[in-house]
Each structure stands twice: as C-alpha cells, then as structure tokens.
Amino acid sequence: MNPKTLEPLFNYDHMDRKNGRSNGLTGQDILSVDQFDVDTLDYIFTRSCEMREMVRRVGSTDLLRGNVLTALFYEPSTRTSSSFIAAMERLGGNVIPITQGVQYSSVSKGETLADTVRTLEQYSDVIVLRHPEIGSAKAAADNATIPVINAGDGAGEHPTQALLDLFTIRDELGRLDGLQIAMIGDLRYGRTVHSLTKLLLHYDVSLRFVSPEILRLPLTLMNEVIDAGIDVRETHDVADVIEKADVLYVTRVQKERFSDLAQYEEVKDAHAITPEVMKRAKEDMIVIHPLPRVGEIHYSVDKDPRAAYFRQVQNGMFVRMALLAAVLGKA
Ligand code: CP
C-alpha cells in the first residue's frame with residue numbers, strides 16, 4: 001500500500017545512507033533485467049548473502065512484518081511461487097496466494113488483469129505476477145500503484161530467475177568475468193535464457209548457444225549480444241562446447257509454447273546431459289537449470305558435485321528475500 005510515487009514511510013537502509021546512495025529499488029516495479037546495472041546487481045547479491053546467513057542462523061526475521069504480498073499466478077509454477085511465499089514468510093510478512101489456478105478467482109468470470117490488479121493492491125504491498133502473455137507484467141504495473149514483480153511473462157522475461165541464476169554462478173565459481181557460459185535447449189521460447197543473457201552482457205564472458213535450428217536465440221537478442229562485443233558462437237551440438245564450458249545452463253523445450261506439437265516432438269530430445277557427457281567437462285564447471293526438467297539432464301547426473309541445480313533452487317529464496325526487502329524499502 002505504498003504508492004509508487006511516494007517515499008515509503010520507513011526507508012531505512014543503513015549501508016546505502018552510509019554510502020550516500022540509494023539502491024534504487026524501493027517502490028519500483030521489477031519487470032525486466034534491463035533495469036539492473038552492475039551496482040544494483042552487486043547490491044542484491046550482497047543482500048542475498050546476508051539473507052542466507054540469517055536463514056542459516058535463525059531461520060526468519062520480522063523485517064517485513066505488516067507487509068502483504070499477493071502471488072498472482074496465471075500459469076503453473078512450483079519454484080517461483082513457493083520461493084516468493086517462503087521469502088515473504090521468512091521475512092515476517094504475509095501472503096495472499098492465488099497460485100493454485102486463477103480459475104478459482106474472479107478471472108474465471110471474465111475479470112480483466114487490470115481490474116484484478118486494481119483489486120489486489122487494495123489488500124497488499126507488492127504483487128508478484130506470472131502470466132502467459134509477453135508484456136503482461138508491464139500492463140499490470142501500469143494499472144497498479146504498488147510494485148509489480150514479473151515472475152515470468154510468456155516467452156518474454158523472468159527477471160528474478162535471472163538474478164538467482166547469476167547469483168548461483170558467482171557463488172559457485174567465485175566470479176563472472178572470464179567465464180564461458182553455454183546455454184542449451186530452448187533458446188527461442190526460454191524466457192530465463194533471454195533474461196540471463198541480457199544480464200551477462202554486463203560482464204566479460206564468452207557465450208555459447210546450443211539449440212536445434214528452430215529454437216535458436218531470437219535475432220534481436222543475438223544482435224544485442226553481438227553489439228555488446230561478446231565472444232559468441234552458435235551450434236546444434238553440445239559436444240562442441242562441453243570441454244571448455246565453465247557453466248552449462250540447460251533448459252527444457254517449452255512444449256506449451258508450440259502451436260504445432262509435431263514440431264515439439266521433433267526437437268524435444270535434442271540434447272541430454274548424461275554422466276558420459278559430464279566425463280568430457282571441466283572438473284570445476286557447474287551445471288545449472290531453471291527447472292522443471294523433463295529429461296534433458298539425466299537423474300544419474302544429480303550425484304555429480306558439479307550438478308548445482310538444487311543449490312540454485314535454494315538461492316532463489318535468498319535472492320527473492322533480498323529483492324522483496326529492497327522493493328519494500330527495508331534493507
Ligand atoms: N524456474 C521456474 O520458473 O520454475 P517454476 O515454473 O516452477 O516457477
């Protein structure tokens with residue numbers, strides 16, 4: 001209930017005041033990774049480490065006591081919805097969970113996204129929205145006076161996933177500069193790929209894109225990568241990248257985005273990370289995946305210490321705790 005246009009009542013961030021700068025996130029919508037610069041990323045990651053430390057020491061705090069988050073999910077989710085809920089609860093806040101299918105809300109009676117958002121902001125301080133249409137988070141934000149966080153808008157962006165992906169890479173490997181990162185799978189529809197690629201343009205990385213022909217990275221995004229002067233190559237074969245990659249970012253082929261299911265069947269098993277593939281990878285590389293997986297990483301890879309995807313899942317909660325605290329003006 002803090003209007004975006006007003007300063008929040010309690011905006012006490014000791015570190016920022018000490019440094020004489022604002023983190024710039026208080027009261028803001030989080031719609032795209034385009035709004036993050038390196039300083040903001042560093043800020044979020046420092047806060048995420050603090051959240052992890054706090055959770056490990058005491059489990060929860062009352063930093064966001066009195067605040068309410070609405071989780072409004074028009075598409076299925078396990079990790080994003082539950083980690084936002086866990087994040088809010090570990091910070092002492094409360095949640096209105098509309099995550100079990102909006103068919104049980106007045107959306108099923110034909111209520112528009114705009115009216116749904118205008119209603120839910122009467123009860124809450126922040127709305128986390130997942131929706132199947134590109135641009136839906138922006139449309140919701142334009143109708144809201146409280147911050148809206150994009151939890152995935154169709155094949156568009158998934159900015160908080162990209163934050164936790166980047167945090168995980170840095171946390172696991174100790175750096176971002178100098179890394180070779182291979183993105184594998186559905187690069188066309190994979191919104192997490194789009195958001196993470198944009199964030200990586202802030203760093204001195206090499207990018208390798210591995211996909212079937214019909215699932216290549218969108219041309220506009222590839223042009224952004226080239227314009228940023230990044231060392232980049234595309235291939236159809238994981239074998240071309242496995243030996244030099246520091247990070248394998250594996251993604252699911254997104255069946256729900258195909259209009260022609262025969263095309264999906266043709267490409268769904270294009271890539272699989274198996275123990276045999278992992279034998280050719282570096283000792284100190286990592287495999288991450290936004291999850292869910294549907295066969296593209298074999299279960300037998302899970303016991304490999306380089307398989308970091310469940311550590312990545314846990315990082316999602318810490319990063320979302322940091323983000324919520326910042327957006328709600330409580331750092
Ligand atoms: N990574 C991710 O967005 O997972 P969910 O779809 O389960 O939220």
Side-chain angles (χ1 to χ4, degrees), residues 30-33 44 48 69-90 95-103 126-134 136-137 140 148-169 171-172 181 183-200 215 247-258 264 268 273 286-297 299 302 307-324:
I30 305 296
L31 304 178
S32 165
V33 291
I44 294 168
S48 302
L69 175 154
T70 294
L72 178 59
F73 280 65
Y74 289 71
E75 274 193 334
S77 167
T78 297
R79 279 145 292 271
T80 312
S81 56
S82 51
S83 64
F84 263 113
I85 291 169
M88 195 64 181
E89 292 189 349
R90 284 189 185 272
V95 178
I96 301 171
I98 308 179
T99 56
Q100 302 301 317
V102 287
Q103 68 268 31
V126 58
I127 294 173
V128 176
L129 174 72
R130 172 169 291 185
H131 194 282
E133 285 169 26
I134 295 178
S136 51
V148 172
I149 299 179
N150 181 2
D153 60 334
E157 280 215 43
H158 194 346
T160 66
Q161 178 70 42
L163 289 176
L164 76 93
D165 294 340
L166 199 67
F167 178 82
T168 299
I169 296 170
D171 196 53
E172 292 277 334
I181 294 151
M183 305 219 186
I184 300 167
D186 187 344
L187 312 183
R188 178 179 178 184
Y189 298 117
R191 58 196 173 197
T192 69
V193 170
H194 304 163
S195 292
L196 180 58
T197 298
K198 287 183 181 190
L199 280 191
L200 286 168
L215 296 180
V247 178
L248 291 190
Y249 187 79
V250 188
T251 63
R252 169 180 73 93
V253 177
Q254 308 228 340
K255 184 178 183 181
E256 64 275 28
R257 313 272 178 231
F258 281 76
Y264 167 75
K268 72 182 170 64
I273 307 303
I286 56 166
V287 183
I288 57 176
H289 190 309
L291 302 177
R293 62 176 155 178
V294 288
E296 58 280 353
I297 301 177
Y299 289 109
D302 294 1
Y309 27 91
F310 287 106
R311 298 192 290 274
Q312 180 188 4
V313 165
Q314 192 181 44
N315 288 337
M317 182 178 74
F318 305 133
V319 169
R320 287 170 175 135
M321 289 171 77
L323 192 66
L324 286 173

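Both ligands and their constituent atoms are indexed starting at 1 by order of listing. It should be emphasised that the depicted structure is a prediction, and the values quoted were computed from it without experimental measurement. All values below come from the heavy atoms of this structure, side chains included, with hydrogens, waters and symmetry mates left out.
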Measuring from atom 4 (O) of ligand 1, which candidate in Arg79, Glu75, His158 has the nearest non-hydrogen atom?
Arg79
Tell me the contacting part of Thr192 for ligand 1: side chain, backbone, both, or neither, using a 4.0 Å heavy-atom threshold, strictly below.
neither
Parallel, tilted or perpendicular: which describes the rings of His131 and Tyr74, with under 30° parallel and over 60° perpendicular?
tilted
Do me a favour and list the nearest non-hydrogen protein atom to atom 6 (O) of ligand 1 with residue, atom name and distance?
Arg130 NH1, 2.9 Å
May I ask you to check whether Arg252 and His289 show a side-chain donor-acceptor distance below 3.5 Å?
no
Taking every non-hydrogen atom, the tightest pair across Arg130 and Thr80
NH2-OG1, 3.0 Å
If you look at every heavy atom in Arg191 and Asp153, which pair is closest and at what distance?
NH1-N, 3.9 Å
Which option out of Leu291, Leu164, Thr78 puts a heavy atom nearest to atom 7 (O) of ligand 1?
Thr78
Of all the atoms in ligand 1, which lie at a distance below 4.0 Å from a heavy atom belonging to Pro290?
1 (N), 2 (C)
Is the shortest N/O to N/O distance between Gln161 and ligand 1 below 3.5 Å?
yes
What's the shortest heavy-atom distance between His194 and Tyr189, and which atoms?
CE1-C, 4.1 Å
